[in-house]
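Here the structure comes first, spelled out in structure tokens, and everything after it is commentary.
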Amino acid sequence: MPMTMQANLVTTGREKRLEGNVFEVSLDGYMLFILDHPVPVQKKENSSPVGKAVIKEVTWKEDTTHLVYELIDLHSVN
């Protein structure tokens, strides 16, 4: 099972709001993230960070990583 360690969260526009500032996103492949610590959030791999998030939950299933995270800082509304 190949796995990559991630220091930032790249959403590629797949995020869905659950409530307030809490979002979920499913990413291809198995990825390991730091929980309960702020990480930069990017829309695309080589783009500037749009904010910071704290990852609350990581679930791996069928070659997919599912995250629940709280957006704690937003640099821009776009």
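Annotation for Pro38 and Lys52: closest pair CB-CD, 4.5 Å, computed over non-hydrogen atoms. The heavy-atom pair separating Ile55 from Ile34 by the smallest distance is CB-O, 3.9 Å. The minimum heavy-atom distance between Ala7 and Pro40, with the atom names listed, is O-CD, 3.5 Å. The shortest heavy-atom contact between Met31 and Trp60 is O-NE1, 2.8 Å.
No side-chain heavy atom of Phe23 sits less than 4.5 Å from a side-chain heavy atom of Val41. Side chains of Leu27 and Phe33 form a contact here, defined as non-hydrogen atoms less than 4.5 Å apart.
Taking CG of Leu9 as the start and NZ of Lys43 as the end, the distance is 10.0 Å to the nearest 0.5 Å. Between atom CD of residue Glu70 and atom CD of residue Glu57 there is a gap of 13.5 Å, rounded to the nearest 0.5 Å. Note that the CG atom of Leu18 and the NZ atom of Lys56 stand 13.5 Å from one another [nearest 0.5 Å]. For the atom pair Tyr30 OH and Thr4 OG1, the distance stands at 12.0 Å (nearest 0.5 Å).
With hydrogens and angles disregarded, a donor-acceptor distance shorter than 3.5 Å links the side chain of Thr65 to the backbone of Gly29.
In this structure, Asp73 has no side-chain hydrogen bond (donor to acceptor under 3.5 Å, both in side chains) partners at least two apart in sequence or on a different chain.
Cluster partners of Ile72, using a side-chain heavy-atom cutoff of under 4.5 Å among ILVMFWY residues and allowing indirect links, are Val54.
Under a hydrophobic-cluster definition in which Ile, Leu, Val, Met, Phe, Trp and Tyr are linked whenever side-chain heavy atoms come within less than 4.5 Å, directly or via other members, Tyr69 and Val22 are assigned to different clusters. Under the 4.5 Å side-chain heavy-atom criterion for grouping Ile, Leu, Val, Met, Phe, Trp and Tyr, Val10 is not connected to Met3 through any hydrophobic cluster. Residues Leu35 and Leu67 share a single hydrophobic cluster, defined by chaining ILVMFWY side chains whose heavy atoms lie under 4.5 Å apart.
Neither side chain, Glu24 nor Ser26, offers a donor N or O lying under 3.5 Å from an acceptor on the other.
The 12-atom threshold is not exceeded at NZ of Lys44, counting heavy atoms of other residues, nucleotides or ligands nearer than 6.0 Å.
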Quick one, Asn8 with Gln6, criterion side chain to side chain contact (heavy atoms under 4.5 Å, CB included). Give me CA distance, side-chain angles, the key distance, then yes/no. CA-CA 6 Å; Asn8 57 353; Gln6 302 295 315; 4.2 Å; yes

